[in-house]
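What follows is a single structure, written as structure tokens, with notes after it.
Here the structure is a predicted model, which means the values were calculated and not measured. Note: hydrogens, waters and symmetry copies are ignored here, and every other heavy atom, side chains too, is used.
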There are 2 protein chains.
Amino acid sequence: MAEKNKTKGVPKATIKRLALYARALYRMEMDGETRVSSMALAERLGINPAQVRKDLAYFGQFGVPGYGYRTSELHQKLKSILGTNREIRVALVGAGNLGRALLSYVGFSTQGFRFVAAFDTDQNKIGRVINNIEILSAARMEEIIRESRVVIAVLAVPAQTAQEIANRLVKCGITAILNFSPMRLLVPPKVKVHYVDLALEMESLSFYLNPAYF
Amino acid sequence: MAEKNKTKGVPKATIKRLALYARALYRMEMDGETRVSSMALAERLGINPAQVRKDLAYFGQFGVPGYGYRTSELHQKLKSILGTNREIRVALVGAGNLGRALLSYVGFSTQGFRFVAAFDTDQNKIGRVINNIEILSAARMEEIIRESRVVIAVLAVPAQTAQEIANRLVKCGITAILNFSPMRLLVPPKVKVHYVDLALEMESLSFYLNPAYF
DNA sequence: TAGATTGTTAATCGATTAACAATC
DNA sequence: TAGATTGTTAATCGATTAACAATC
């Protein structure tokens, strides 16, 4: 691939939009739209066409002046940039209500994410099978994560144990954590943590109910 | 309350941080820290102290120069700004795996959010009781939402039905939607939608696994 | 009072948008 | 060729950070 090694310098917001572009392109592809302009894509997402072109420009030149982009081609390019063109092996840590729901979340599997292991410390949960994944004792977590070549860990444990588990994940080579615990994790810089904080989303939404701020 | 009616003009990022401040203050309060400076709070959250002061300044003057903030007092103020000082009535629409997990998510209840109704169209789910909430037929949704004075709807339905359900919610007066479906919802401007897009989070995380962009 | 920390204004930084030459 | 749309540079906008007078 001839794109420049921008290494750093790609805004986080651009990456989020890249995933949105990929999804929109997939749907347009299904609808038989072989061709798409930055304007059409932008309209669909409620953003500015220049934004679309600028975002893509971080990674190369994918369009044809005067024509636009070939839908399927751009879709493939984006998947390859995001790394979702191949299967990505994921482990769940914490098989409570939320964790178990994530194990069978179809939005993950359709995007190429595959849970290959799940862990908990609760004897009542260990041994249960959800979506073909057996919940295992967290005692052997490091070993199994290494053996099964997991690259992303999904953390859905109580706040108190989140940091401790994160430390163990880092030690066995995990560099990407999707964290559902309401805790900021302290990890080495090479490890990327994405936070999904459900209560935070709810609280900030609640703010907008106050008519004084409208 | 003497704070100015800033109506608009409060950045969305500020609101998110407000909820983070409230949480940190709660924990500090529990730890017996009666006093806190913008610097201490900022350090805990990994941000800039001026940011903290600026965020708070949108809503009034809560501190004491040369001293800082009274932990408990600031915590209460923030809760009242966010609206989480009182119970907030929530309805779930879509009682699949994810929806049911949300019904019993303790992070919501500890913050004062209370599910008062849950709806689905699947006969196998209707009648089940989760966390004391009975799953009801979506047919009578509008009526029940109005009667039980629901103010926030949590949407956890498949992508195809999300817009249709959103339309029905808007019609019965809902102005805040927490949307877990991977769909942009078209709603009138007075309705606030927060998106929690699990696949999107996973995809953008996956990007950072590519060593070429590090 | 001396020291500390606020609230706020000004400077900086980064991200979004507009504009347009290049080009299919 | 004329028309359309890209890639990219310059202008704008908004958010973060620094600096400091006010004040407890």
Go ahead and name the base partner of D:dA22; Watson-Crick or wobble counts if both distances stay under 3.5 Å, otherwise write none.
-> C:dT5
Indicate, with a heavy-atom threshold strictly under 4.0 Å, whether B:Ser38 touches base, sugar-phosphate, or nothing.
-> sugar-phosphate
B:Leu18 CG - D:dA15 P separation (whole Å) = 15 Å
CG of A:Leu209 to CD1 of B:Ile152: how many Å apart, nearest 0.5 Å?
-> 5.0 Å
Using heavy atoms to find the nearest nucleotide of DNA chain C for A:Gly66 and A:Thr14 separately, return the residue whose nucleotide is more 5′.
-> A:Thr14
Considering just the side-chain nitrogens and oxygens of B:Gln51, establish if one lies under 4.0 Å of OP1 or OP2 belonging to D:dT17.
-> yes
Would you kindly compare A:Val64 and A:Asp55 by the position of their nearest DNA chain C nucleotide and give the one closer to the 5′ end?
-> A:Asp55
Interatomic distance where CZ belongs to B:Phe62 and C1' belongs to C:dG7 [whole Å] | 12 Å
Here the distance between atom C1' of D:dA18 and atom CD1 of B:Ile47, to the nearest Å, is 15 Å
B:Lys54 NZ to D:dC20 P, in whole Å, measures 18 Å
Within less than 4.0 Å of OP1 or OP2 of D:dG7, is there a side-chain N or O belonging to A:Tyr69?
-> yes
d(B:Leu56 CG, B:Lys77 NZ) to nearest 0.5 Å is 11.5 Å
How close or far is atom C1' of D:dT17 from atom CZ of B:Arg17, stated in whole angstroms?
-> 12 Å
Do A:Glu201 and B:Lys16 meet the salt-bridge criterion of a basic N to acidic O distance under 4.0 Å?
-> yes
Spacing of B:Leu74 atom CG relative to C:dT6 atom P, expressed in whole Å = 10 Å
Check whether any side-chain N or O of B:Ser37 sits under 4.0 Å from OP1 or OP2 of C:dT5, and answer yes or no.
-> no
Residues B:Asn97 and A:Tyr105: side-chain donor-acceptor under 3.5 angstrom | no
Measure up the B:Tyr26 and B:His75 rings against each other and bin them: parallel (under 30°), tilted (30 to 60°), perpendicular (over 60°).
-> tilted
Expressed in angstrom and rounded to an integer, what is the separation of A:Asn48 atom CG from C:dA18 atom C1'?
-> 8 Å
Presence of B:Arg53 side-chain N/O under 4.0 Å of D:dA18 phosphate oxygens OP1/OP2 = no
A:Ala57 side-chain proximity, nearest of D:dT8, C:dT8, D:dC24 | D:dT8
Whole Å only: how far is the NZ atom of A:Lys16 from the C1' atom of C:dA15?
-> 15 Å
